[in-house]
2 protein chains.
Amino acid sequence: MKRVAPAASEPDTRERILAAALTVFAERGFEAGTVRDITEAARVNTAAINYYFRSKDELIRQVFEAGLKPIIRARSGALEACIRQSAPALPKISAVAEALVRPLVELGAGEYRDVMTILMQVRTGQLPLTKRIVEEQFGPVHERFVDLLQKLLPDLSRTEIALRYDCARGAVLQTLVHLAPASALAVAETDRERVDHEKTVRRLVRFVSAGLEAPPG
Amino acid sequence: MKRVAPAASEPDTRERILAAALTVFAERGFEAGTVRDITEAARVNTAAINYYFRSKDELIRQVFEAGLKPIIRARSGALEACIRQSAPALPKISAVAEALVRPLVELGAGEYRDVMTILMQVRTGQLPLTKRIVEEQFGPVHERFVDLLQKLLPDLSRTEIALRYDCARGAVLQTLVHLAPASALAVAETDRERVDHEKTVRRLVRFVSAGLEAPPG
DNA sequence: AGATGATTAAAACAATTGTTTTCAACAGGC
DNA sequence: GCCTGTTGAAAACAATTGTTTTAATCATCT
């Protein structure tokens with residue numbers, strides 16, 4: 001069949017595999033997480049993974065890229081919004097910092113916690129495949145952030161800006177490790193946790209802002 | 001034999017395995033790095049690993065703990081030195097920042113680059129064993145850093161101090177990823193690279209100091 | 001020299017890995 | 001109604017994993 005009406009059958013197996021793979025990879029890593037772990041978690045047969053995706057590598061690629069996209073979009077959107085709001089003037093450093101921090105914290109503490117975990121695993125670049133994906137996907141966003149920071153901090157060299165931007169990302173990611181255990185469906189999240197995340201965002205923004213606009217050397 | 005004279009035989013095989021394991025684990029991770037990878041790199045037999053260490057897990061533990069110790073010692077020593085030099089007054093924030101940054105950069109760019117790589121892999125805590133080791137080994141040092149920062153920044157709550165300290169560590173580690181490829185035995189290191197590392201240290205200290213002493217919220 | 005125990009080498013082990021095969025169930029188009 | 005191609009389950013595949021076994025080699029002490 002040409003898959004004319006993917007109404008009821010499509011979201012089932014394939015989506016279950018993708019969701020289960022994300023969790024398994026986050027918990028055990030890309031290499032240690034086996035396809036059988038995933039099939040068990042998704043309650044599907046072993047062959048299903050090689051049927052829907054051609055191999056484990058392809059599954060990794062699709063899971064990873066699919067998970068990354070919303071994060072990229074959120075950060076990109078936050079950056080644009082921050083520029084738009086201050087236009088025609090340039091945004092303040094703290095606003096740029098918040099555009100960097102808030103999406104990461106909110107997504108990393110919520111629905112996309114597993115993706116963040118994977119992102120951090122990948123940073124040391126054991127798997128060339130995932131390293132390449134990260135660089136491809138995040139490259140443009142990083143460049144735009146550094147470009148904007150360069151305008152805001154004309155006294156700093158571009159390499160110094162890039163290093164400070166790296167520091168900022170590292171600070172946020174390190175904080176995410178210890179962050180509240182997500183639970184996007186927890187009922188209590190509307191109160192306690194969101195408040196905590198708001199405080200975390202404020203604190204991170206303060207740290208990152210101060211670091212970014214430190215006097216040049 | 002009771003190994004009375006470990007002169008010539010001891011440093012051979014066992015040390016070769018440890019060194020090879022460190023490299024393999026840094027390149028491929030604890031789970032993906034196989035004992036056969038290690039035996040090949042160390043030019044020893046497969047059984048040697050289970051002879052000298054009882055299992056792969058034990059090898060991981062020993063390699064990891066042995067690698068961590070010099071790092072802990074360096075950071076601990078730098079902190080003490082920084083306190084001693086300013087005594088009886090309290091050290092400046094920038095001095096504390098340097099005590100945090102310099103050992104990590106110098107070790108992480110030199111002989112202990114592989115350990116640093118492993119340290120970053122471990123941060124997401126897939127392997128409970130390694131996570132426990134990190135917490136055990138680094139716990140005391142972290143506490144002393146936070147204690148000192150608390151005295152220097154009495155207006156901040158302890159949780160805020162802890163978060164900023166986390167940010168600082170994250171900033172340094174993130175920078176280490178992109179750092180010069182080590183090569184502890186390279187001849188040219190005495191000039192070009194050491195200068196670069198010195199500049200990196202200065203820049204990191206500036207970023208971290210500014211972040212640490214940002215105004216409270 | 002002979003004996004003892006440490007060390008290494010080669011082969012085999014059972015378990016687990018990713019992947020393939022085989023076959024059954026099911027849908028819609030001719 | 002038969003046939004198409006998609007979906008799914010069970011079993012088997014070859015390769016690789018950590019580990020063990022077996023036997024040979026080596027050094028040292030008596």
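Below, read A as the first sequence line, B as the second, and so on, with proteins coming before strands; counting in each chain starts at 1.
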- Task: For each nucleotide in nucleotides 12-17 of chain C, reading 5' to 3', give B when a protein heavy atom comes within less than 4.0 Å of its base, S when such contact involves only the sugar-phosphate, and - otherwise.
- Result: B----B

- Give me the bend of the helix from C/dA1-D/dT30 to C/dC30-D/dG1, using the axes of the five pairs at each end, rounded to 10°. 20°

- Item | Rounded distance [0.5 Å steps], CZ in A/F25 versus OG1 in A/T23 | 10.5 Å

- Are the charged groups of B/D196 and B/K199 less than 4.0 angstrom apart, N to O? no

- Message: Can you measure B/I49 atom CD1 to C/dT8 atom C1' for me and round it to whole angstrom units?
- Response: 14 Å

- Query: Between B/D12 and B/R43, is the closest basic N to carboxylate O distance under 4.0 Å?
  - Reply: no

- Query: Over how many whole Å does the gap from A/F53 atom CZ to D/dT7 atom C1' extend?
  - Reply: 14 Å

- Query: With no hydrogens and no angle check, do the side chains of A/D114 and A/T117 hold a donor and an acceptor under 3.5 Å apart?
  - Reply: no

- Query: Does B/T13 make a side-chain N or O approach to OP1 or OP2 of C/dT8 shorter than 4.0 Å?
  - Reply: yes

- Measure from the side-chain heavy atoms of B/N50 and tell me the nearest of D/dA9, C/dT7, D/dT20. D/dT20

- Query: Between A/E15 (CD) and D/dT7 (P), how many Å, whole number?
  - Reply: 13 Å

If you look only at distance, which donor and acceptor atoms sit under 3.5 Å apart when one is on a side chain in residues 70-79 of chain A and the other is two or more places apart or in another chain?
residue: A/R75; atom: NH2; partner: A/Y165; partner atom: OH; Å: 2.5
residue: A/S76; atom: OG; partner: A/R144; partner atom: NH1; Å: 2.8
residue: A/S76; atom: OG; partner: A/R144; partner atom: NH2; Å: 3.3

- Message: Tell me whether the side-chain N/O atoms of A/Y51 come closer than 4.0 Å to OP1 or OP2 in C/dT20.
- Response: no

- Please name the pair of heavy atoms, one in B/L119 and one in B/L68, separated by the smallest distance, quoted to 0.1 Å. CG-CD1, 4.0 Å

- Separation between CZ (B/R102) and CD (B/E198), nearest 0.5 Å, reads 4.0 Å

- Distance, rounded to the nearest Å, where B/D12 contributes CG and C/dA9 contributes P: 11 Å

- Message: Please tell me whether B/F30 and B/F64 form a close aromatic pair, meaning their ring centres lie under 6.0 Å apart.
- Response: yes

- Item | Electrostatic pair B/R61:B/E58 at N-O distance under 4.0 angstrom | yes

- Message: Output the rounded distance in Å from CZ (B/F25) to P (D/dG18).
- Response: 8 Å

- Query: When the distance from OH of B/Y52 to P of D/dT20 is rounded to whole Å, what number comes out?
  - Reply: 17 Å

- Message: How many whole angstroms separate atom CG of B/D57 from atom P of D/dG18?
- Response: 10 Å

- Rounded to whole angstrom units, what separation is found between the CG atom of B/N45 and the C1' atom of C/dA6? 15 Å

